[in-house]
Amino acid sequence: MMFRPDAAALEFPPVERDVVFDMFRRAIWVAPVLILASTIFWGVHGGLSAGYAILLVLINFALSAAIIAWGAKTSLALLMGAVLFGYLARLALITVAVLAVKDMAWVELVPLGFTLIITHLGLLIWETRHVSASLAYPGLKPKRKVR
């Protein structure tokens, strides 16, 4: 009989949390630029809409990390199901969040939409340069020592 360890009994570093905090750290640098650009082109309402979009993106990434961390503790099948249905649920939450504010006076839909797309894709692409695809260093790549 083959030994199959219980996934819940294994210890893993908090990879998902580390990656999402790293994305938040990068968003701190990107957010003022996007909000300022939206304010310049669409006024204060554009800046507020861009800020709201950035908040939605960060909440989405945090929920994604929480779902992955929760599913990974139990089993591979639960992880895959949690990721799939979590993705659908997070898309629905973003849709509901946008539809809930779309008719409010402070919302400009163009900067809101652009910021949602640019921030999601930009942070994901930027983060791929800093994530290790090695089992030796799961999560973020180790920092190089400068000599």
Side-chain angles (χ1 to χ4, degrees), residues 7-8 10-147:
L10 298 175
E11 289 292 323
F12 296 103
V15 174
E16 301 85 4
R17 186 193 68 204
D18 292 346
V19 171
V20 82
F21 282 157
D22 196 53
M23 291 176 93
F24 284 7
R25 188 175 55 83
R26 294 180 200 299
I28 290 170
W29 293 100
V30 173
V33 174
L34 291 172
I35 292 170
L36 181 64
S38 295
T39 302
I40 290 170
F41 289 106
W42 289 280
V44 174
H45 297 275
L48 291 171
S49 299
Y52 182 69
I54 292 167
L55 182 67
L56 289 178
V57 170
L58 295 178
I59 290 170
N60 183 32
F61 287 148
L63 285 173
S64 175
I67 289 168
I68 292 170
W70 173 77
K73 289 179 184 175
T74 306
S75 70
L76 183 60
L78 182 63
L79 173 63
M80 295 301 126
V83 169
L84 173 63
F85 292 109
Y87 174 72
L88 296 174
R90 289 181 297 111
L91 280 179
L93 283 173
I94 290 172
T95 303
V96 167
V98 170
L99 290 176
V101 300
K102 74 176 180 68
D103 293 325
M104 292 186 175
W106 60 269
V107 175
E108 289 287 336
L109 290 178
V110 174
L112 176 68
F114 280 155
T115 305
L116 271 173
I117 294 167
I118 290 169
T119 308
H120 266 109
L121 293 176
L123 286 175
L124 286 172
I125 291 168
W126 194 2
E127 193 62 26
T128 58
R129 299 186 64 212
H130 302 279
V131 173
S132 172
S134 165
L135 291 176
Y137 299 104
L140 300 174
K141 289 180 182 176
K143 303 254 189 263
R144 292 185 191 176
K145 293 183 180 178
V146 180
R147 294 181 194 196

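Start at 1 with the first residue, then count along the sequence. Side-chain atoms are counted along with the backbone in the values below, which use heavy atoms only and exclude waters and symmetry mates.
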Heavy-atom check, side chain of F41 versus side chain of F114, under 4.5 Å: no
Distance-only criterion, 3.5 Å: show the donor-acceptor pairs between side-chain atoms of residues 47-67 and protein atoms not counting sequence neighbours.
{"residue": "S49", "atom": "OG", "partner": "H45", "partner atom": "O", "Å": "2.8"}
{"residue": "S49", "atom": "OG", "partner": "W106", "partner atom": "O", "Å": "3.4"}
{"residue": "S49", "atom": "OG", "partner": "E108", "partner atom": "N", "Å": "2.7"}
{"residue": "S49", "atom": "OG", "partner": "E108", "partner atom": "O", "Å": "3.4"}
{"residue": "Y52", "atom": "OH", "partner": "A97", "partner atom": "O", "Å": "2.9"}
{"residue": "N60", "atom": "OD1", "partner": "R90", "partner atom": "NH1", "Å": "2.5"}
{"residue": "N60", "atom": "ND2", "partner": "H120", "partner atom": "NE2", "Å": "2.7"}

Can you list every pair that meets side chain to side chain donor-acceptor pair (under 3.5 Å) and has a residue in residues 92-104, with sequence neighbours left out? none
Test: ring pair (Phe, Tyr, Trp, His ring centres under 6.0 Å). Region: residues 66-89. Which pairs qualify, not counting sequence neighbours? none
Quiz: residues 29-36 side-chain donor-acceptor pairs under 3.5 angstrom, not counting sequence neighbours:
none

Spacing of I117 atom CD1 and L112 atom CG [to the nearest 0.5 Å]: 9.5 Å
With sequence neighbours excluded, residues passing side-chain contact (heavy atoms from CB on, under 4.5 Å) with L76: L79, M80
OG1/T119 to CG/L116 distance, rounded to the nearest 0.5 angstrom? 7.0 Å
